[in-house]
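One structure is given here, and the rest of the page talks about it.
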2 protein chains.
Amino acid sequence: MKEEKKVLTEKVIKRLTLYHCILIQYIESGLEFISSPQIAFLLGIDNSQVRKDIKAVNNTGKCKVGYNVRELKESIERTLGFKKNKDAFIIGAGNLGSALSKYDDFSNYGLNILAMFDSDPLKVGITINKKQIFHISKLPDLTRRLNVKIAILTVPRQSAQNCADFIINAGIKYIWNFSPVVLKVPEWVHVWNENLTSNFLQFIVNDEVRNDD
Amino acid sequence: MKEEKKVLTEKVIKRLTLYHCILIQYIESGLEFISSPQIAFLLGIDNSQVRKDIKAVNNTGKCKVGYNVRELKESIERTLGFKKNKDAFIIGAGNLGSALSKYDDFSNYGLNILAMFDSDPLKVGITINKKQIFHISKLPDLTRRLNVKIAILTVPRQSAQNCADFIINAGIKYIWNFSPVVLKVPEWVHVWNENLTSNFLQFIVNDEVRNDD
DNA sequence: TAGATTGTTAATCGATTAACAATC
DNA sequence: TAGATTGTTAATCGATTAACAATC
């Protein structure tokens, strides 16, 4: 029996991780059940939306009481693969790269930073939060030996494309790109553009939070 | 004549900032015009989508040549308010907070970090990238004096809700929340949940980039 | 001219919301 | 029982894609 392969849209995944946060808070409060209207209220969304999302993680609830908090948390973790290790390298040991290497929350979701890379000889050899900084020239060898497919790109925008070319050539297939640059990559390489400021603008643009009001 | 108030959806804003990145790259390459199929190809989207988005920033192109790169860049910046200052405080001078305070790219989009706040006496008084760390107790006074409405919340998840309550009480209206917690806030406070790991999962979940394949 | 592109409308697709029978 | 909730289908809404006349 072939395992059913479900495609979860980005919006569903974002909501599921928010449900997951809520569930952790419920568990800490000692609560055992949560209903779809409760989740919906906390997030300001529709309750049938919540039930549909929960259906997508193969969880069932009980009439009148709702969903078992621990079971639902497990279901979300299983569906989103929190327990499956996703190894990654950080490229660029600047401010953002260093901060991400110390960001322990990643490991709760199965994302492990194995090492960092930089071209600055002064940074090479330093260890940040148990992650060593290697010279970028060491990346091809380590990518192959450790079978790493994911790179977190936090280099200055001027060197982002060169860097991308280099790491793709070394075998990287997934680039989580923090540089505000649109990278040109082969069709078999996946890029996720994490433009933090863009995310911020999505938040405030329509509300016109300006200093001059 | 009242200025037309357009609501831009999050997806449109995200695409516009990507177009903006492409335009900068075009300008650096000395190119003067760009067409919708060119933009569409670089981003892997439909070209009529691009034309619709560009229409939303009140820019017009020329048949056969496309859009003037500099003009289009200006139009996007005007629509998204890059030139309008958006002052913000960072709450929590940990790894992520410190990194964001040094993230100079923010200023290109009009986001200014004025100061940082922390409850740790050892951090208070330190200056990071010209931004001073104040004790959190100083926030209400400074929020009012500087008329700051935006806070970037980078505190540990355990203290996030308390922190949110405190800064909302001090007058903060917009919270860019980097803690993996769903905050309970009054209806007049806006929260944007920036769960980095959630963003990452949106990127890789459907592709099953696991170590065990 | 021929061909590429814009601007715009219509068609399609997908996501959200409403509604409600079944359940406990 | 009465009332709250689930699970699911139908209706609505919005976003993307297709199509094409107008333009240069």
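A, B, ... follow the sequence lines: proteins, then strands. Residue 1 opens every chain. Remember, predicted model here, so these are calculated numbers, not experimental data.
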| Do B/Tyr109 and B/Leu80 touch side chain to side chain, with heavy atoms closer than 4.5 Å? | no

| ring pair (Phe, Tyr, Trp, His ring centres under 6.0 Å) partners for A/Phe117, two or more places apart | A/Phe89, A/Phe134

| remark: Rounded to whole Å, the CG-P distance (A/Leu8 to C/dG14) equals 15 Å

| task | Spell out, as yes or no, whether a donor-acceptor pair under 3.5 Å connects the side chain of B/Asn193 to the backbone of B/Asn195. | result | no

| request: Kindly indicate, with the supporting measurements, whether the criterion ring-ring contact (aromatic ring centres under 6.0 Å, His included) is fulfilled by A/Trp176 and A/Phe178. | output: CA-CA 7 Å; A/Trp176 192 9; A/Phe178 281 80; 5.0 Å; yes

| task | Starting from P on C/dG7, measure out to CD1 on B/Ile54 and report it in whole angstrom. | result | 8 Å

| request: Measure the shortest side-chain to side-chain distance between A/Ile76 and A/Leu23 over non-hydrogen atoms and say whether it is less than 4.5 angstrom. | output: yes

| field | Toward the 5' end of DNA chain C, by each residue's nearest nucleotide, B/Ser35 or A/Thr9 | value | B/Ser35

| remark: From CG of A/Asn68 across to C1' of D/dT5 the rounded distance in Å is 16 Å

| message | D/dT5, OP1 or OP2 - any side-chain N/O from A/Ser36 closer than 4.0 Å? | response | no

| query | If pairs are Watson-Crick or G-U with both distances under 3.5 Å, what is the dot-bracket string of DNA chain C, marking crossing pairs with [ ] and pairs to another strand with |? | reply | ..||||||||||||||||||||||

| message | I want to check something: taking the side chain as every heavy atom from C-beta on, are A/Ile24 and A/His20 in contact at a cut-off of under 4.5 Å? | response | yes

Review item, nucleotides 16-23 of chain D N/O atoms under 3.5 Å of protein N/O:
{"residue": "D/dT16", "atom": "OP1", "partner": "B/Arg15", "partner atom": "NH1", "Å": "3.1"}
{"residue": "D/dT16", "atom": "OP2", "partner": "B/Arg15", "partner atom": "NH2", "Å": "3.2"}
{"residue": "D/dT16", "atom": "OP2", "partner": "B/Gln49", "partner atom": "OE1", "Å": "3.3"}
{"residue": "D/dT16", "atom": "OP2", "partner": "B/Gln49", "partner atom": "NE2", "Å": "3.4"}
{"residue": "D/dT16", "atom": "O5'", "partner": "B/Gln49", "partner atom": "NE2", "Å": "3.1"}
{"residue": "D/dT17", "atom": "O4", "partner": "B/Lys52", "partner atom": "NZ", "Å": "2.9"}
{"residue": "D/dA18", "atom": "OP2", "partner": "B/Asp46", "partner atom": "OD1", "Å": "3.3"}
{"residue": "D/dA18", "atom": "N7", "partner": "B/Ser48", "partner atom": "OG", "Å": "3.3"}
{"residue": "D/dA19", "atom": "N6", "partner": "B/Arg51", "partner atom": "NH2", "Å": "3.4"}

| query | In whole angstrom, what separates A/Phe33's CZ from D/dT6's P? | reply | 11 Å

| request: State whether B/Glu10 and B/Lys14 are salt-bridged, where the test is any N-O pair (Lys NZ or Arg NE/NH1/NH2 against Asp/Glu carboxylate O) under 4.0 Å. | output: no

| Separation of A/Ile39 atom CD1 from D/dT6 atom C1', in whole Å? | 13 Å

| message | For a 4.5 angstrom cut-off between non-hydrogen side-chain atoms, does B/Lys83 reach B/Arg78? | response | no

| query | D/dT8 phosphate, OP1 or OP2: any side-chain N/O from A/Lys55 under 4.0 angstrom? | reply | yes

| message | Distance check needed: C/dT6 C1' versus B/Leu72 CG, whole Å only. | response | 13 Å

| request: Let me know which of A/Ile133, A/Leu100, A/Asn129 forms a side-chain contact (heavy atoms from CB on, under 4.5 Å) with A/Met116. | output: A/Ile133

